[in-house]
Amino acid sequence: MSNRFFYSLDTSDSDDYLSSEEEYSSSEESKESEIEQKGNFNEFLKGGSDSDSDSEDGVKVVQSAKEKRYQELRSAVKTIEEALDFDDWATISNDYDKLLRLVQKASHLIQEDGVPRFFVRLLVQLEDELASVVADKESVKKMNATASRGLNAMKQKLKKTKVYEREMVKFRANPVTAEESADEQEQVVEEVKPQKVQPQKQERVSGLQLFQRLDEILSARGKKGTDKGQQIDALKEILGQASSPYQKIKCLMSLIPARFDFVPAASGCMSTEMWKNTLEEIKQLHDILDAHPNIKVADEVEDDSESAHEKDQRVQNGETVVLHGVLTSFVDRLDDEFFKSLQTIDPHTTEYIDRLRDEAPLYALMVRAQKYAEDIGTVQDGLDLIIMRRVEHLYFKPDAVVQKFEEMTRKSYPNLKIPVNSAENLVSKLCIGLYKTKIDRIRTRALLCHVFHLALHDNYQQARDMILMSHLQETISQTDVQTQILFNRTMVQIGLSAFRCGLFREAHFCLQDIYSCGKTKELLAQGVSQVKGEKTAEQEKQEKQRQLPFHMHINLELLESVYLTSALLLEVPNMALYSHDSRRKVISKSFRRYLDYNERQVFTGPPENIRDHIMAAAKAMQHGDWEQCKNYVHEIKVWELLSNISSVKQMLTAKIQEETLRTYILLNYSFYETFSITKLSEMFSLTKETVVSIVSKMLVHEEVKGSIKQDLVEIHPTETMTRLQYLAGAYTDKIVQTLEYNEKFLEAKASLLGLSETVAVPQVKPKQKKRI
């Protein structure tokens with residue numbers, strides 16, 4: 001029998017439930033020797049020991065419930081660690097579920113004592129190991145199905161460990177191995193409640209000593225083996241010892257970049273707590289600069305040979321000192337980290353909503369950085385970059401949200417004296433100012449943001465004119481990918497604006513390229529392709545990095561509804577106009593494809609999704625039933641996302657009536673000699689004037705040959721072919737074409753075999769095309 005079995009018969013001499021692994025192994029060996037001296041009695045035999053071991057005095061020692069809970073947790077953690085050594089992800093996934101259930105059972109103990117360090121260590125190990133395995137694409141492909149399913153399951157499960165993110169960050173900052181933890185008896189990671197820190201008396205250091213220590217810390221930055229967490233702590237300590245404004249500014253301008261360097265490789269972005277600390281430190285830096293106008297931070301410094309200590313003395317004497325630095329770059333990096341965090345958070349959780357609340361103080365800081373850059377006379381290119389950041393936070397938002405952002409900015413920084421503007425005027429003012437920049441990328445993006453915002457407010461004519469006059473559609477392929485994504489978003493918004501204004505043909509034209517390609521998500525950066533092997537690992541990584549946060553997405557269901565509804569109103573009358581040759585002129589190939597597939601179905605049930613509703617509406621329009629067509633279109637629930645839903649539905653109803661009337665006349669005029677205008681107005685619930693207007697346009701465009709006399713539409717007799725006659729003529733043309741192909745093939749074969757001189761190839765004269 002194994003010594004592990006005999007160890008279960010006796011308990012450890014220590015009462016501490018968090019005993020170390022070394023004590024465990026040594027106790028195990030001692031118990032094994034004692035049992036061997038006693039003759040290796042089995043617990044099931046007479047005279048064997050009980051499940052709870054007896055001491056030499058015969059006193060029975062029983063473990064408490066608390067000790068048993070933690071012992072179960074340690075056993076589960078050890079099992080997972082052993083499976084990690086063999087990369088057995090299926091076992092890891094199953095045992096991880098058991099571990100979470102044990103943690104749930106011990107929740108009351110964890111609330112009292114804190115999260116056990118061995119559990120936090122396991123979470124960090126799993127996160128790091130998972131990141132390394134996923135990065136190796138080749139090894140993932142070689143996994144069997146069971147291991148692959150376990151790996152994918154662990155990806156989803158580890159995303160739910162955000163509740164322990166704070167403990168994991170602390171552990172990463174000060175990692176403790178299992179061997180080191182044995183000396184500490186596995187102390188728990190206590191949950192520190194936010195308390196007011198009492199100011200402690202710092203050791204007084206001179207300015208020269210402070211700058212020397214600061215230079216020593218900065219000299220180690222970026223070197224191999226440098227602990228970034230310890231660097232941040234050291235810089236915070238120096239900041240607490242700084243006494244003069246200049247010293248605080250120097251410490252803050254070193255501390256803020258150090259925080260940006262401390263980004264975990266697993267998540268790829270700063271933690272929320274670290275991000276908020278950085279935001280407060282940038283605010284503190286601006287406060288000091290505003291309070292001491294003789295200290296300036298600029299990108300261009302004339303003479304930077306002076307030491308920091310000498311500059312500090314000059315500041316104390318009231319002289320003006322300029323430090324080398326770019327404050328707007330701090331705001332740019334902070335905005336990038338905020339963008340990355342939104343990409344990684346699940347948008348359907350409250351955590352995403354909580355994170356979005358941090359956008360308002362970030363926007364206010366951007367406005368403050370812009371004002372400071374304008375006051376000190378920063379280079380125009382740097383100023384344009386921060387203004388562009390500001391525009392990118394506003395252009396897609398509704399007016400109410402933009403106004404709220406501006407109000408919070410005025411409330412946070414009343415000294416800035418920000419003028420009150422409407423959302424539309426504010427975005428237009430900022431974009432017009434950016435048109436003068438020398439940076440082509442900023443100028444292009446400013447134009448696209450301006451057009452997007454105009455289209456969002458249903459200014460279709462102005463948005464269309466601006467995009468056409470810029471000729472941007474001719475050169476957009478030469479820009480970067482992010483700008484191309486913005487162009488696609490702008491074109492979609494212009495199409496939605498045209499639809500809301502009742503311009504269905506223009507809406508279809510704007511949305512056709514985006515929707516018909518079948519990669520709408522990829523073109524709008526709202527999802528990645530699920531086809532494996534289509535892209536390399538590097539391309540997939542880049543595509544994920546350029547994905548837009550969820551709150552910036554354009555609703556794809558609304559896009560599909562607008563496109564298919566516009567295609568319905570254009571394509572069904574067009575099919576009726578060219579009923580004999582349906583492929584002669586196609587407006588929407590995708591709509592035709594969907595309709596053909598729907599007509600080939602043996603059984604068609606009630607419509608369930610958007611496409612089914614539009615196809616059912618198309619069939620109703622072909623039968624002249626405008627009311628049923630209207631009902632199918634109005635039943636689409638996505639119309640509720642439109643702000644002016646009532647006016648849009650009224651426009652749709654009127655357009656459906658008109659196009660159904662046109663379709664009815666085009667399909668049936670060959671069977672009638674006259675149409676009664678009164679009867680048509682009653683059938684389609686239109687006024688007589690509207691019916692006369694529609695029929696007159698059809699006569700002018702020669703869609704129907706006839707004339708209007710009083711209350712009648714007289715159809716002029718024409719030599720029109722029936723469907724059967726047209727198909728017969730087309731069949732004859734195909735036969736003649738096939739015969740010509742055969743003759744050419746026979747001539748080519750004869751020349752290859754050398755029979756062209758001796759064998760006369762019979763020539764068959766094609767018959768004249770005869771139309772019935």
Side-chain angles (χ1 to χ4, degrees), residues 169-170 172-175 200 202-265 269-271 273-289 292 294-316 319-337 365 369 372 376 378 382:
V169 170
K170 290 181 180 180
R172 289 184 183 277
N174 186 21
Q200 299 179 357
Q202 298 287 346
E203 181 183 355
R204 294 286 297 178
V205 294
S206 64
L208 184 60
Q209 292 175 342
L210 186 140
F211 291 127
Q212 287 176 352
R213 290 181 59 188
L214 186 62
D215 291 339
E216 290 176 2
I217 296 173
L218 294 180
S219 62
R221 181 186 176 191
K223 292 184 178 180
K224 187 176 180 180
T226 303
D227 192 332
K228 298 177 182 177
Q230 292 180 359
Q231 256 196 339
I232 293 174
D233 294 338
L235 289 170
K236 288 169 63 178
E237 182 181 354
I238 295 177
L239 177 62
Q241 296 173 352
S243 57
S244 67
Y246 182 83
Q247 293 174 7
K248 292 180 180 179
I249 291 175
K250 286 290 290 183
C251 293
L252 285 171
M253 292 188 67
S254 302
L255 177 58
I256 294 171
R259 287 194 182 276
F260 286 130
D261 291 342
F262 190 72
V263 178
C269 63
M270 294 178 68
S271 62
E273 183 180 1
M274 182 76 74
W275 188 90
K276 290 182 178 179
N277 291 336
T278 308
L279 178 70
E280 293 301 325
E281 287 161 359
I282 297 176
K283 286 183 180 179
Q284 182 182 356
L285 179 58
H286 277 280
D287 291 339
I288 298 173
L289 290 172
H292 301 83
N294 60 326
I295 307 176
K296 296 182 180 180
V297 179
D299 188 18
E300 296 180 356
V301 180
E302 295 180 358
D303 185 13
D304 200 21
S305 59
E306 199 173 6
S307 66
H309 182 63
E310 293 173 350
K311 289 183 179 180
D312 189 16
Q313 295 296 328
R314 287 177 55 194
V315 170
Q316 294 178 9
E319 299 181 22
T320 301
V321 173
V322 181
L323 280 78
H324 179 71
V326 183
L327 294 186
T328 55
S329 64
F330 293 159
V331 182
D332 290 344
R333 182 66 188 275
L334 200 66
D335 186 30
D336 291 338
E337 295 297 334
L365 184 61
Y372 181 80
I376 66 172
T378 305

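Numbering starts at 1 and runs along the sequence shown.
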If you round to the nearest 0.5 Å, how far is NZ of Lys296 from OG1 of Thr378?
10.0 Å
Taking Glu280 first and then Lys276, would you say they form a salt bridge - that is, a charged N and a carboxylate O separated by under 4.0 Å?
no
Separation between CG (Leu252) and CG (Leu327), nearest 0.5 Å, reads 10.5 Å
Counting N and O atoms only, with roles assigned by atom type, does the side chain of His324 sit under 3.5 Å from a partner on the main chain of Val297, one being a donor and the other an acceptor?
no
If you round to the nearest 0.5 Å, how far is CD of Gln313 from CG of Leu208?
9.5 Å
Taking Asp335 for its side chain and Val331 for its backbone only, find out whether a donor-acceptor pair lies under 3.5 Å.
no
Applying salt bridge (Lys or Arg N to Asp or Glu O under 4.0 Å), name anything that partners Asp261, two or more places apart in sequence or on another chain.
Arg221
For side chain to side chain contact (heavy atoms under 4.5 Å, CB included), just list the numbers for Glu237 and Arg213, CA-CA rounded to whole Å, side-chain angles, deciding distance to a tenth of an Å, and then say yes or no.
CA-CA 11 Å; Glu237 182 181 354; Arg213 290 181 59 188; 4.1 Å; yes
Can you list the residues that meet the side chain to side chain contact (heavy atoms under 4.5 Å, CB included) rule with Asn294, with sequence neighbours excluded?
His292, Val315, Thr320
Nearest heavy atoms of Val322 and Ala298, plus distance in Å
CG1-CB, 4.0 Å
Once rounded to the nearest 0.5 Å, what's the spacing between atom CD of Glu281 and atom CG of Leu334?
10.5 Å
Nearest heavy atoms of Tyr372 and Leu289, plus distance in Å
OH-CD1, 3.7 Å
Is the closest side-chain heavy-atom distance between Leu365 and His286 below 4.5 Å?
yes
For Ala308, the side chain to side chain contact (heavy atoms under 4.5 Å, CB included) test, sequence neighbours excluded, returns Phe211, Tyr246, Lys250
Return the CZ to NZ distance between Phe260 and Lys228, rounded to the nearest 0.5 Å.
13.5 Å
CD of Gln284 to CG of Leu239, rounded to nearest 0.5 Å, is 6.0 Å
